[in-house]
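Everything quoted here is computed from the prediction, not taken from an experiment.
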Amino acid sequence: MDSPAQASEDSGRQETATRRRRTGGRSARVRAQVLEAVGALLLEAGYDGLTVDAVAERAGVHRTTVYRRWRDVGALLADVLDTASDDTWSPPDTGSLEGDLTALNQEVYEALAGGGPTLTTALIAAGFRSPEAAAALSRFWEDRYARCAVVVTRAAGRGELPGPADGRALLVAATAPLYHELLLVRAAPDPALPHRAARAAAAAARAGAFGAPR
């Protein structure tokens with residue numbers, strides 16, 4: 001848990017990021033160029049090859065611009081991750097819990113099973129090296145879990161669940177096999193995995209395995 005001082009610092013960084021997001025014109029273009037360069041370099045050289053100077057050169061901007069706005073690699077990575085939440089994404093509505101979970105898993109699968117390093121896996125790895133990236137990853141996952149809560153709400157409304165359910169636990173159970181197989185075990189990609197994992201989680205939910213926490 002953050003100390004009050006750390007929380008205050010994080011709040012200041014979030015306000016700075018918000019101001020950047022609201023800035024248009026040249027500032028927005030520079031930010032887009034820099035963040036694109038961060039992603040490209042992270043894929044090509046990994047965390048150890050990601051430097052402010054390299055990002056500036058790749059983005060075609062002066063190094064002082066990057067230092068002034070982002071300070072260091074950690075802040076650059078955090079901004080990349082925070083930008084990922086600046087979208088209108090919402091979970092698809094397929095008409096069934098199993099279908100919704102399968103659709104979510106398919107998106108995860110496509111992000112992880114690229115046959116080599118992907119930006120998603122590179123950012124997850126960077127989270128183990130950079131405290132700022134780790135914090136931004138946590139914010140990203142919290143945002144995604146919040147958006148996906150509607151999947152469980154819809155399932156309950158359709159009468160697919162025996163009672164109130166812990167939506168987060170259900171979503172974790174549905175997606176965890178993909179992260180385990182593709183990131184930890186590094187198993188060969190299996191196109192059937194998204195549906196298989198979703199089917200198992202949906203069956204457990206129908207049996208009451210994810211009753212709402214008391």
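F210 approaches A201 most closely through the heavy-atom pair CE1-O, 3.7 Å. Here the closest heavy-atom approach between residue L50 and residue V38 is recorded as CD1-O, 3.9 Å.
A salt bridge is absent between D143 and R139: the closest approach of a Lys/Arg side-chain nitrogen to an acidic carboxylate oxygen does not fall below 4.0 angstrom. The residues R144 and D87 are annotated as salt-bridged, a charged nitrogen and a carboxylate oxygen being separated by less than 4.0 angstrom.
Considering only residues two or more places apart in sequence or on other chains, E142 meets the salt bridge (charged side-chain N to carboxylate O under 4.0 Å, His left out) condition with R168. Under the rule for a side-chain hydrogen bond (donor to acceptor under 3.5 Å, both in side chains), the partners of E110 that lie at least two apart in sequence or sit in another chain are Q106. With sequence neighbours excluded, the residues forming a side-chain contact (heavy atoms from CB on, under 4.5 Å) with L137 are L81, W141, listed by chain and number. Here E44 pairs with R58 under the salt bridge (charged side-chain N to carboxylate O under 4.0 Å, His left out) rule; sequence neighbours left out. Take T64 and apply the side-chain hydrogen bond (donor to acceptor under 3.5 Å, both in side chains) test, not counting sequence neighbours, and it matches H62. Scanning for salt bridge (charged side-chain N to carboxylate O under 4.0 Å, His left out) contacts around D93 gives R154, R158, with sequence neighbours left out. Remark: T88 pairs with no residue by the side-chain contact (heavy atoms from CB on, under 4.5 Å) rule, at least two apart or across chains. Applying the salt bridge (charged side-chain N to carboxylate O under 4.0 Å, His left out) criterion to R206, with sequence neighbours excluded, gives no partner residue. S130 is linked by a side-chain contact (heavy atoms from CB on, under 4.5 Å) to Y47, L77, E132, A133, counting only residues two or more places apart in sequence or in another chain. Shown here are the side-chain contact (heavy atoms from CB on, under 4.5 Å) partners of E57, two or more places apart in sequence or in another chain: there are none. For T120, there are no side-chain hydrogen bond (donor to acceptor under 3.5 Å, both in side chains) partners at least two apart in sequence or on another chain.
With hydrogens and angles ignored, the 3.5 Å screen pairs no side-chain donor or acceptor of N105 with any backbone N or O of L178.
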For this session: Could you walk me through whether L104 and L171 pass the side chain to side chain contact (heavy atoms under 4.5 Å, CB included) test, one step at a time?
Result: CA-CA 9 Å; L104 289 175; L171 291 163; 4.0 Å; yes
Contacts under 3.5 angstrom, residues 179-193 side chains, donor-acceptor by atom type, not counting sequence neighbours:
from: D190; atom 1: OD1; to: A192; atom 2: N; distance (Å): 3.0
from: D190; atom 1: OD2; to: R196; atom 2: NH1; distance (Å): 3.2
from: D190; atom 1: OD2; to: R196; atom 2: NH2; distance (Å): 3.0

